[in-house]
Amino acid sequence: MYKLLIVEDERWEREGLVDFLDWESLGIELSGTARDGIEGLEHTQELDPDIIITDIRMPGMDGLEMSRRIKEIKPHIRIIILTGYGDFEYARKAIDIRASHYVLKPISEQKLLEAVQKVIRECEEDVQFKQEREKLRAEVEEHRERMKEKWLHDLLFGTLEPKHVREVAQAEGLGSEHGRFVAYAITETKQDRTMERLRNLFPIPCIIAYSDNREGQWIVVIPEPKGQQAEFAAMLARRLAGDSGWLWLSNIKIGAGTVVDGLSHIAESVKQAEQVLAYAAFWDEGGIVSLEQVERERAGFLSEVADFLQRSSQHVKAIVHAVHALDEAKAIASAEEMFLALVERRGADGDYIRHYISGLLFELSVLAGTSQTEERLGTDPGEQLYALPTLAAIKVYTLHFITETVKAIREKRDGKEEYVIRQVNKLIEQKYMSSDISLKSIAEEVFLSPNYLGSLYKKTTGQSFHDRLAAMRMERAKSLLALPHYKVAAVAQEVGIPSTSYFCTVFKNAFGISPGEYQDMLHRK
């Protein structure tokens, strides 16, 4: 509702205006009244009305002077002038102060109503204009922020047009794109105040952005710090773990790139920082890690790669032999030795280590049967392995894989027939809806002859393969028939029996009632 202030020095006139129109039905709330222009001006500042109805002739400060002052401080307010003088001079003054309307005394209900309705329309137009302006401003700001984010991303990853580099530098408070800059990659989850905290930690202008390449990683770009870069990074680590307790020093991982000339080349330093941080994360290397440190480790590994390959081959053979012998404790102990040797080879690339471990897992899968290991672990071992970010996670997964492989082999050896029946039942559950399923097709999948599988299944479960298949189909058919939109023919197709008449026969043999009768019985309840 719009707020209304009435300013009138005559008491009876003022009280009469209060009840003159049904203000509420017009969408107007009477916020207050005033006895003269001075009081009207005070009430305007306190109540901030949308509409003012004021007499033109009042002692002290008249309506025109009050209106003029109100328009200076609150130009959006709509003012209706009441006057007993209809001459041109007063009309001109009302126009000069941009009054919305004026009504001659004695006031008629129709004239005042027309003036008020005109003012309400103007207020509505003001509201609509304000909303459209705010919407446009929000869209412009949103576009500006998107462009800023895009330019920042493009700068950090080497795709920003040179003409925009200066704009990014100025927007981020760096002043100029010239000079020397360096990038850091920092591990930290994306939280509401992370950006603010990072800015508070850096005593110099900087660019801070959340990395699109890796979850939980921030990129920080600063002008080349004075003194040694390692000293600056160490200071940063101490501040991160300082008074705020935001991060513990032992958990901080910071990858530092090399210094580059000009902000337009910062993508090179960013790429290096991300690679260094990935190295630090894989090997669980805390604190500050520099590119020089990583390169030293890699050079050391290359000088010993022949010895590494020889020892790794021995470890793999020992693990595979122990698993084949069902000696889980020995297999785990050999795996622990293998990972201890890997920790001593920190220069190896993470994917190199994963490739090495995947060879071991493949050999173990062959021992147990690839489908059995995937079934136990829920996914392809190689795919799972390459998704693990750290050597510690790879170790946990590998030890678990060894344990599950030993269990799978033991189950196969201790209860081969039970194992086959479990596999057949799972295949029935997976394929009962197919009309192509048969004893022969299932026998091929478990590498047995149909006759042997049929007799084995009957002996082990007490029912024939076909009886089990029919029972599975009929139970599924019952649940589908409970759905009112399912027709009998559609249900037959759904459970793998193309012939509707044959389906009805099998269903009636199983439950003593036809599918249609069963469905009618359910829907009558």
Side-chain angles (χ1 to χ4, degrees), residues 149 151-160 162 164-166 168-169 172-188 190 194-195 198-199 201-240 247 249 251-301 346-351 389-390:
E149 290 179 8
W151 284 359
L152 191 57
H153 175 276
D154 291 349
L155 172 70
L156 297 179
F157 299 103
T159 58
L160 182 64
H164 296 312
V165 175
R166 176 181 296 179
V168 173
E172 296 296 324
L174 299 178
S176 171
E177 74 275 25
H178 302 297
R180 292 165 62 81
F181 298 87
V182 62
Y184 296 96
I186 303 176
T187 53
E188 171 61 355
K190 190 175 186 180
T194 302
M195 177 79 76
L198 283 173
R199 288 203 179 278
L201 288 167
F202 282 85
I204 55 179
C206 59
I207 294 175
I208 300 175
Y210 192 71
S211 174
D212 293 337
N213 292 344
R214 191 179 297 272
E215 184 71 21
Q217 178 174 291
W218 290 80
I219 302 298
V220 179
V221 175
I222 64 171
E224 181 183 19
K226 297 178 181 179
Q228 294 295 320
Q229 183 178 342
E231 294 176 2
F232 180 84
M235 177 275 293
L236 171 63
R238 289 193 299 272
R239 296 190 71 185
L240 283 168
L247 293 171
L249 186 59
N251 293 332
I252 298 174
K253 292 179 177 62
I254 301 178
T258 57
V259 177
V260 297
D261 288 320
L263 193 61
S264 59
H265 297 107
I266 197 62
E268 178 184 346
S269 185
V270 170
K271 183 178 180 180
Q272 293 169 345
E274 290 193 319
Q275 291 173 344
V276 171
L277 185 60
Y279 168 91
F282 183 83
W283 293 104
D284 196 23
E285 187 83 28
I288 315 303
V289 182
S290 66
L291 181 63
E292 291 78 7
Q293 178 183 341
V294 174
E295 289 176 343
R296 283 196 303 271
E297 295 282 2
R298 287 175 176 168
F301 172 75
R346 286 182 176 269
D349 184 75
D351 283 345
T390 66

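Since this is a predicted model, take the numbers as computed values, not measurements.
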Approximate separation, where rounding is to 0.5 Å, of Glu274 CD and Ser269 OG: 10.5 Å
Minimum heavy-atom distance between Leu152 and Ile208, given as atom pair plus value: CD2-O, 4.1 Å
Rounded distance [0.5 Å steps], OH in Tyr279 versus CD in Glu297: 4.0 Å
Shortest non-hydrogen separation from Leu156 to Ala209 and the atoms involved: CD1-CB, 3.6 Å
Distance in Å, Tyr184 OH paired with Ile219 CD1, rounded so as to fall on 0.5 Å steps: 12.5 Å
Non-hydrogen side-chain atoms of Leu174 and Ile207 separated by less than 4.5 Å: yes
Enclosure of Arg346 CZ (heavy-atom neighbours >12, cutoff 6.0 Å): yes
Minimum heavy-atom distance between Ala169 and Leu263, given as atom pair plus value: CB-CD2, 3.8 Å
Distance (rounded to the nearest 0.5 Å) between Asp261 CG and Glu268 CD: 10.0 Å
Cys206 to Val220 - nearest heavy-atom pair and separation: CB-CG1, 4.4 Å
Intermediate values then yes/no, side-chain contact (heavy atoms from CB on, under 4.5 Å), Leu277 and Val289: CA-CA 7 Å; Leu277 185 60; Val289 182; over 6 Å; no
Leu160 to His164 - nearest heavy-atom pair and separation: CD1-CB, 3.7 Å
Glu177 side chain to Ser264 side chain, donor-acceptor N/O pair below 3.5 angstrom: no
Distance in Å, Glu295 CD paired with Gln272 CD, rounded so as to fall on 0.5 Å steps: 8.0 Å
Contact check, side chains of Glu224 and Val259, non-hydrogen atoms, under 4.5 Å: yes
Straight-line distance of Leu155 CG to Glu172 CD, nearest 0.5 Å: 9.0 Å
Minimum heavy-atom distance Ala280-Lys253, with the two atoms named: O-CE, 3.7 Å
